[in-house]
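Notes follow once the structure below has been shown.
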Amino acid sequence: MADKKLVEQITSMDEDFAQWYTDIVKKAELADYSGVRGCMVIRPYGYAIWENIQKNLDAIFKKTGHENVCMPMFIPESLLQKEKDHVEGFAPEVAWVTHGGQEELAERLCVRPTSETLFCDHYSNVIQSYRDLPKLYNQWVSVVRWEKTSRPFLRSVEFLWQEGHTAHATAEEAQEETLRMLNVYADFCRDYLAIPVVMGQKTDKERFAGAKATYTIESLMHDGKALQSGTSHNFGDGFAKAFNIQYSNKDNKLEYVHQTSWGMSTRIIGAIIMVHGDDNGLILPPNIAPVQVVIVPVAMHKPGVLDRANALKEELENAGLRVKIDASDKMPGWKFAEYEMKGVPVRIEIGPRDIENNQCMSARRDNGEKAAISLDGVADSVKALLADIHNNMLAKATKLRDEKTYTATNFDEFTSIAENKPGFIKAMWCGDTECEEAIKDKTAVTSRCIPFEQEHIADTCVHCGKKATKMVYWGKAY
RNA sequence: CGGGGUUUAGCGCAGUUUGGUAGCGCACCUGGUUUGGGACCAGGGGGCCGGGGGUUCAAGUCCCUCAACCCCGACCA
């Protein structure tokens, strides 16, 4: 009975994955559509997830020596145009401000789609000496890209993210920083979001506009589509030359700085939904779940039940856990389903029978297991349970990804996998962009990355048969 | 940006064919009984029928127009 009602609320992911995703976003109250095309309202529960992501990532950035700043939201057209590749990459999707009040502006302003040009302009002002380097800046802001089609979290016209921008004295330091931050993202996905990723370098075709090299972490969704979950770029000295960011070295010679940038956005919330969720709703990784434990008192009108439940809440909170107690007069069964839909990792039921036995009942969201827990030392038990849930979620997601990762040695195999088995395809590539484009035209599959962990699958390119230089992860992507 | 669909109470929908008092289910509010997997009884509140313009004595319904959202493509970091 309960299952039937749940199915009425959330479309099964096998039936219609896109609708399943939309249902979860709406039913779990993560976001709502707004009156502005392509923009969304991030609701308290969804924003709380972002705040937890932000809080933890920011703490890591602080540890790695980065400082937060805030750049303007507007970019003068002339500034945006200083780096040729960069402006060409973003031109189709920038929003322009042409008027201030009734007055037409002498120079129109672009609403930032990303802030490289702003950081560069600033760096050219504040960097003079090698003593000023490195500059390790980050900002948490929203950006605007005039997307034609949008989906909540995955692609919206305005979205929240962080963008790190650094300037270094040498190419080596910049490259080190680029990879260091890519690793930060990969570790964050594993340790906080329970999402396994493939790390690697983007091909020239997929490289960020204006970058020398772009690195990525790619994750795999339940439907077998890939999601670029974070990127880190090495700009070399290209932007420095365009924006004239020079410093005096120890020998009093002028040199250009070497720069990086790296970002992770609210898109990662889409990944959390699509990597972990099931037909009953969200499943949130404990480390970023706004509510880690929900307490449902049973028969709470009976004497002592609510008091004991509140005492339990306090005990868990004092142990540093994020706890909610639902003492509303809804039926317990309703509450069970509700918090399952919202992905709360652990539910605790406590009723007269439990109190009599000095215990409570736990139910974990990831696998549905129920168990009696002694009220003595309950905080430690719950912490251990949350840790186990995290590990299990990571293991499950890793298994799913591995099961959906295929190998193709020739183009027939490749085409067949692309058509019938959504997932990553590992295949050799010659390194030519024309070949990569041909693959995309024929199969709708794009290169996701050239993984750091290379395997030798074959000697020749999966498409053209020429000598292969790289093993590439391919896939259909969000 | 193309092709299709949708828009009526917070949510899901009927009503549009044939113009004539704005409906249903859930949710919400009040009171009571309930409480270990989405309770029940009784009473109650809530609508610029997506926006604008037209036709008509009369428009949710017919005509024009604009917009938002969904699905499939194209495009895309």
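Each chain gets a letter, A, B and so on, in the order the sequences are listed, and its residues count up from 1.
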Would you indicate which nucleotide in [options] comes nearest to any side-chain atom of [X]?
X: A:R151; options: B:C71, B:C75, B:G36; result: B:C71
X: A:T22; options: B:C71, B:C76, B:G36; result: B:C71
X: A:A299; options: B:G38, B:U35, B:C70; result: B:U35
X: A:A337; options: B:G37, B:U34, B:C76; result: B:G37
X: A:T149; options: B:G37, B:A74, B:C70; result: B:A74
X: A:K148; options: B:C75, B:U35, B:G36; result: B:C75
X: A:H301; options: B:C76, B:G38, B:U35; result: B:U35

How long is the line joining [atom1] of [X] and [atom2] of [N], in whole Å?
X: A:R365; N: B:G37; atom1: CZ; atom2: C1'; value: 14 Å
X: A:D329; N: B:G32; atom1: CG; atom2: C1'; value: 12 Å
X: A:Q19; N: B:C71; atom1: CD; atom2: P; value: 7 Å
X: A:M331; N: B:C41; atom1: CE; atom2: P; value: 13 Å
X: A:I295; N: B:G36; atom1: CD1; atom2: P; value: 18 Å
X: A:Y21; N: B:C69; atom1: OH; atom2: P; value: 15 Å
X: A:K330; N: B:G36; atom1: NZ; atom2: P; value: 15 Å
X: A:D441; N: B:C76; atom1: CG; atom2: P; value: 10 Å

Identify whether any heavy atom of [X] sits under 4.0 Å from a base atom; if not, whether one sits that close to sugar-phosphate; answer base, sugar-phosphate or nothing.
X: A:D354; value: base
X: A:G38; value: sugar-phosphate
X: A:P352; value: base
X: A:A18; value: sugar-phosphate
X: A:K440; value: sugar-phosphate
X: A:R353; value: base
X: A:M361; value: base
X: A:R267; value: nothing

Task: Lys/Arg N to Asp/Glu carboxylate O, A:K225 vs A:D223, below 4.0 Å - done: no
Task: A:K82 with A:E77: basic N within carboxylate O range, under 4.0 Å - done: no
State the pairing partner of [N]; accept Watson-Crick or G-U wobble contacts with both distances under 3.5 Å, and report none otherwise.
N: B:A9; answer: none
N: B:G37; answer: none
N: B:A42; answer: B:U30
N: B:C1; answer: B:G73
N: B:U55; answer: none
N: B:A14; answer: none

- [ ] Could you tell me whether the side chain of A:S156 and the main chain of A:F153 form a donor-acceptor pair under 3.5 Å?
- [x] no
TODO: For A:T469 and A:C430, indicate whether the former's side chain and the latter's backbone hold a donor-acceptor pair under 3.5 Å.
DONE: yes
Open item on the list: Closest-nucleotide mapping onto RNA chain B: is A:R347 or A:E206 further toward the 5' terminus? I mean the 5' end.
Closed with: A:R347
Open item on the list: With a 4.0 Å cutoff (strictly under), does any side-chain N or O of A:K27 reach OP1 or OP2 of B:G12?
Closed with: no
Open item on the list: Does a side-chain N or O of A:K26 approach OP1 or OP2 of B:C70 to a distance below 4.0 Å, or not?
Closed with: no
Open item on the list: On the side chain of A:R145, is there an atom forming a donor-acceptor pair with the base of B:C76 - under 3.5 Å, no angle test?
Closed with: no
- [ ] Go through the N and O atoms of the side chain of A:E340 and the base of B:G37, and report whether any donor-acceptor pair is under 3.5 Å.
- [x] yes
Open item on the list: Just to verify, which of A:V294, A:L321, A:V323 counts as forming a side-chain contact (heavy atoms from CB on, under 4.5 Å) with A:K313?
Closed with: A:V323
Task: A:L193 versus A:H276, closest heavy-atom pair with distance - done: O-NE2, 2.7 Å
TODO: Please determine which of A:R365, A:R347, A:K335 meets the salt bridge (Lys or Arg N to Asp or Glu O under 4.0 Å) test together with A:E340.
DONE: A:R347
Open item on the list: Checking A:H258 against A:F235 for the side-chain contact (heavy atoms from CB on, under 4.5 Å) test, could you report, in this order, the C-alpha distance in whole Å, the side-chain angles of both residues, the deciding distance, and whether it holds?
Closed with: CA-CA 7 Å; A:H258 292 75; A:F235 289 148; over 6 Å; no
